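This structure is a prediction, so every number in the text was calculated from the model and none was measured.
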Amino acid sequence: MPTVAQTLQERLLNALAALELESGDSAQVVPTADPRNGDYQTSVAMVLAKARRENPRALAGRIAEKIDMAGIGPAPEVAGPGFVNFRLEPEFVAQKLVAVSEDPRLGVEKVANPRTLIVEFSSPNIAKPMHVGHIRSTILGDAIARIARFLGHQVVTDNHLGDWGTQFGKVIYAWKHFRDEAALEAHPMAELVRLYREADLQSKRDAGVLEQCRLELVRLQKGDPENRAIWERCVTLSRREFAAIYKLLGVEFDEQLGESAYDVELPSMVERLLAKGVAEISEGAAVVFDNEISETPFMVRKSDGGFGYATTDVATLEYRVKRWNPDGIWYVVGAPQQLHFKQLFGVARRLGYKVDLEHIAFGSILGEDRKLMRTRSGESVPLRELLEEAIDRAGKLVRDKNPALPDDESGEIAKIVGLGAVKYAELSQHRLTDYVFSWSKMLSFQGNTAPYLQNAYVRSRAIFRRLDSPFRPPDRILLAEPAEQTLGKEILRFGEVVPAVLDGFKPNVLANYLYELAAKYHVFYEQCPVLTAEGETKASRLLLCDLFSRTIKTGLMLLGIEVPERM
RNA sequence: GCGCUCGUAGCUCAGCUGGAUAGAGCAAGGGAUUUCUAAUCCCUGGGUCACAGGUUCGAGUCCUGUCGAGCGCGCCA
């Protein structure tokens, strides 16, 4: 089913062809910013007039005259410096809504050419706590993967676990010297974290400890059985902890291949890079130079013979290409690593890989003091505690506002609202801006927040619970009130917005749309009573409510956010 | 020093790849409710889009420079 913008563009292109005007890709039809200028507009006349040295308004007039608006709306108007403005007649909107209502995809078409895409995100480090720093990657990556999949792409999500890094030198050293087996049984993650911190602290004070940590790492990477056994136990314990968090968040992965999965490939891969002349030896290390990117080398083998994550990332890329032959590999990793990814992609190009590589970068989470978010004691905030606090705070709100709800239901709602608030706070913001974490803002029922959107959904569902007989979508509807028409047109935009999210990887485009949609529903809700209406008016309003609830539920689902039926 | 990402209302942020008089929420003030969940809606005030040039019919958006912030720059990830 074509979107409204596509339908209008088709009519526009026909008109341009009839006038023998070459428009290239300038014949874009977009929604207007201001309803006074109609519903959709195109600036194609101004673009063409420039190239042809014609008067833009006159050309716009000739184009507008040629556009066949039969069944859509009145003749387009020429306005301002040469815009062509389109208005949709209520009957067209009504017919389109009935059609969308019969479509389980709500007017979102699948892409014509599905691609195979690897999306790497979350990527926490084993034996280190998952903290707020990981939440953006997890939530953003999950949303992008969901949307890509919904659009028909073949998506493989991969949690690239940091299970082979230098932190293991410290963990193993501490394991051997300060392990408390009882604590490990009772609170495995807390004990692992304590061990890491202990070794980290001591190695900062004592260079000898640091050296011993390094040696433990070398032993592990050379296959020492004792260290290997310790490592395996750490991995098992950490993965169990991560799995609990992912389950709470509703995030699933197709693969969870850690860095260690590529370890055996590293030595030969570096030799190959050297043989091809991509890498060279410098100061005893194997490095790749690309001065067009940076003077900083990309180090694929340290002078002590060890390998860092740069090497692993090249090997991972090769593995993915071999195994899935993907069209794209998307890395959802923080903005500070931009140089690393530029260099990695540069190496991939020099190795001849044609796959579309994208670093989907994002900014940091700040505390209300505008500095990196920390606990009172200056450490990063453990993710689990943060999520539990979100659920806790949401629970208090729900019980406060709706004390009549049974306990188990209000607990379930608290989870949906609390987690939704955290996720939505991330996703409603442009991914590159550092954002300020604020409980009161994300849990507010006013403004661009998850609870506001969830409440709009709940209000729409409440109507159906009060219906005497089951709702049957009508074959035709009538949109008489301005609030009905405004809401209807906004619902129709869903099919335009969802695909646009992948254009620049901006889930906030979808989030902002859903906010506008909810706001328009609220206006409709205030102005147009449903249950007390009669006949065709009632049927039309019920259809709007039904479509609204399905659209906002689907939209939030694409962001990884659930909706409650009551709250 | 070099590089990356930014700088929009008092605060937190949008701004749909260059379009019309730059928009929301919070905060401030005023109004609407015997409710389909007021957990909402409506109205009012609030701006040199950091600054200076340039590109063009048109710049918050693109290019150059300046100032300011955050981050990154060989053996951490």
Side-chain angles (χ1 to χ4, degrees), chain A residues 28 30-34 36-37 41-43 46-47 49-50 55-56 79-83 85 123 125 128 162 164-167 259 282-287 293-299 301-304 306-310 312-313 333-340 342 361 363-364 366 368 370-372 397-398 400-402 428-430 432-436 438 440-441 444-449 451-452 454-456 458-467 493 496-497 500 503-504 506 508-509 511-513 515-516 519 522-523 525-533 541 545 566-567:
Chain A
Q28 297 297 323
V30 296
T32 55
D34 188 330
R36 281 173 295 185
N37 296 321
Q41 64 172 239
T42 179
S43 55
M46 290 180 284
V47 178
K50 184 179 178 177
N55 179 304
F83 290 100
N85 293 336
S123 310
N125 293 317
K128 281 186 179 174
W164 208 236
T166 43
Q167 79 264 29
E259 294 171 339
S282 164
E283 295 176 29
V287 301
I293 295 170
S294 166
E295 288 176 15
T296 310
F298 187 72
M299 186 165 307
R301 190 175 65 204
K302 299 188 276 186
S303 52
D304 67 359
F307 304 103
Y309 81 135
T312 312
D313 271 358
V333 180
Q337 295 199 36
Q338 279 183 119
L339 176 59
H340 168 74
K342 271 190 187 173
S364 316
L366 309 178
E368 306 221 37
R370 297 232 54 154
K371 292 184 177 151
L372 277 183
L397 278 175
V398 171
D400 194 42
K401 302 283 186 185
N402 200 344
S428 60
Q429 213 120 140
H430 187 104
L432 281 170
T433 47
D434 293 346
Y435 94 97
V436 176
S438 161
S440 63
K441 280 187 179 120
S444 167
F445 289 93
Q446 277 156 12
N448 194 2
T449 67
Y452 177 87
Q454 288 167 329
N455 178 52
V458 165
R459 291 176 110 189
S460 72
R461 297 309 306 161
I463 291 172
F464 290 92
R465 279 198 299 275
R466 290 179 173 243
L467 227 44
R493 284 195 53 220
E496 296 165 14
V497 170
D503 203 5
K506 298 199 291 192
N508 70 309
V509 168
N512 292 340
Y513 162 76
Y515 173 56
E516 292 294 324
H522 274 132
V523 172
Y525 186 91
E526 298 282 331
Q527 294 181 5
C528 304
V530 179
L531 292 174
T532 54
R541 289 178 181 174
C545 289
R566 300 195 288 177
M567 62 193 283

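- Here B:A39 is the nucleotide among B:A39, B:C75, B:U56 with the atom lying nearest to any side-chain atom of A:N455.
- What separates CD of A:Q429 from C1' of B:U5 is a distance of 15 Å, to the nearest Å.
- If you check every strand for non-hydrogen atoms under 4.0 Å, A:G80 touches a base.
- With B:G70, B:C41, B:G19 as the choices, the nucleotide that has an atom nearest any side-chain atom of A:P81 turns out to be B:G19.
- Out of B:C16, B:C57, B:G25, the shortest distance to the side chain of A:A33 is found at B:C16.
- If you check every strand for non-hydrogen atoms under 4.0 Å, A:I463 touches a base.
- Here the side chain of A:T296 is nearest to one of B:G74, B:G58, B:C13, namely B:G74.
- The residue among A:V509 and A:R461 whose nearest nucleotide of RNA chain B is located toward the 5' end is A:V509.
- Between B:G19, B:C6, B:C71, one nucleotide has an atom nearer to the side chain of A:P336 than all others, and that is B:C71.
- When heavy atoms are screened at a 4.0 angstrom cut-off, A:P297 is found touching base atoms of the nucleic acid.
- Contact annotation for A:H340: no contact, since no heavy-atom pair falls under 4.0 Å across all strands.
- Residue A:N37 is classed as a base contact, given a heavy-atom separation below 4.0 Å to a base.
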(request) Whenever both distances are under 3.5 Å in a Watson-Crick or G-U wobble pair, mark it; put RNA chain B into dot-bracket that way, with [ ] for crossing pairs and | when the partner is on another strand. (result) (((((((..((((.....[...)))).(((((.......))))).....(((((..]....))))))))))))....
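- Using a 4.0 Å heavy-atom criterion, one finds that A:R301 contacts no nucleic acid atom at all.
- Taking every side-chain heavy atom of A:L432 into account, B:C6 is the closest of B:A39, B:C6, B:C57.
- A donor-acceptor contact under 3.5 Å is formed by the side chain of A:S282 with the base of B:G74.
- Among the atoms of the strands shown, only primed sugar atoms or phosphate atoms (P, OP1, OP2) are found under 4.0 Å from some heavy atom of A:G308.
- If you check every strand for non-hydrogen atoms under 4.0 Å, A:V436 touches sugar and phosphate atoms only.
- The base of B:C75 sits within donor-acceptor range of the side chain of A:S303, with an N or O pair under 3.5 Å.
- Partners of A:K302 under the side chain to side chain contact (heavy atoms under 4.5 Å, CB included) rule, at least two apart in sequence or in another chain, are A:T166, A:M299, A:D304.
- When distances run from any side-chain atom of A:N402 to the nucleotides B:C75, B:A39, B:A14, the shortest one goes to B:A39.
- Side-chain proximity of A:F83 to the nucleotides B:A39, B:U56, B:G19 is greatest for B:G19.
- Listed nucleotides B:U17, B:A77, B:C42 differ in distance to A:V523; the shortest reach to its side chain belongs to B:C42.
- Side-chain contact check for A:E496 versus A:Y513: every heavy-atom pair is 4.5 Å or farther apart.
- A:Q527 has its CD atom 15 Å from the P atom of B:U33, to the nearest Å.
- Here A:D503 lies in heavy-atom contact (under 4.0 Å) with a base.
- Between the side chain of A:Q167 and the base of B:A77, no donor-acceptor pair under 3.5 Å is found.
- At a threshold of 4.5 Å between non-hydrogen side-chain atoms, the residues A:S303 and A:E283 do not count as touching.
- Picking from B:G74, B:A20, B:U12 the nucleotide with the shortest atom distance to the side chain of A:A79 gives B:A20.
- Residue-to-nucleotide contacts include a donor-acceptor pair under 3.5 Å from the side chain of A:N85 to the base of B:A20.
- You'll find the ring centres of A:H430 and A:Y435 outside the 6.0 Å limit.
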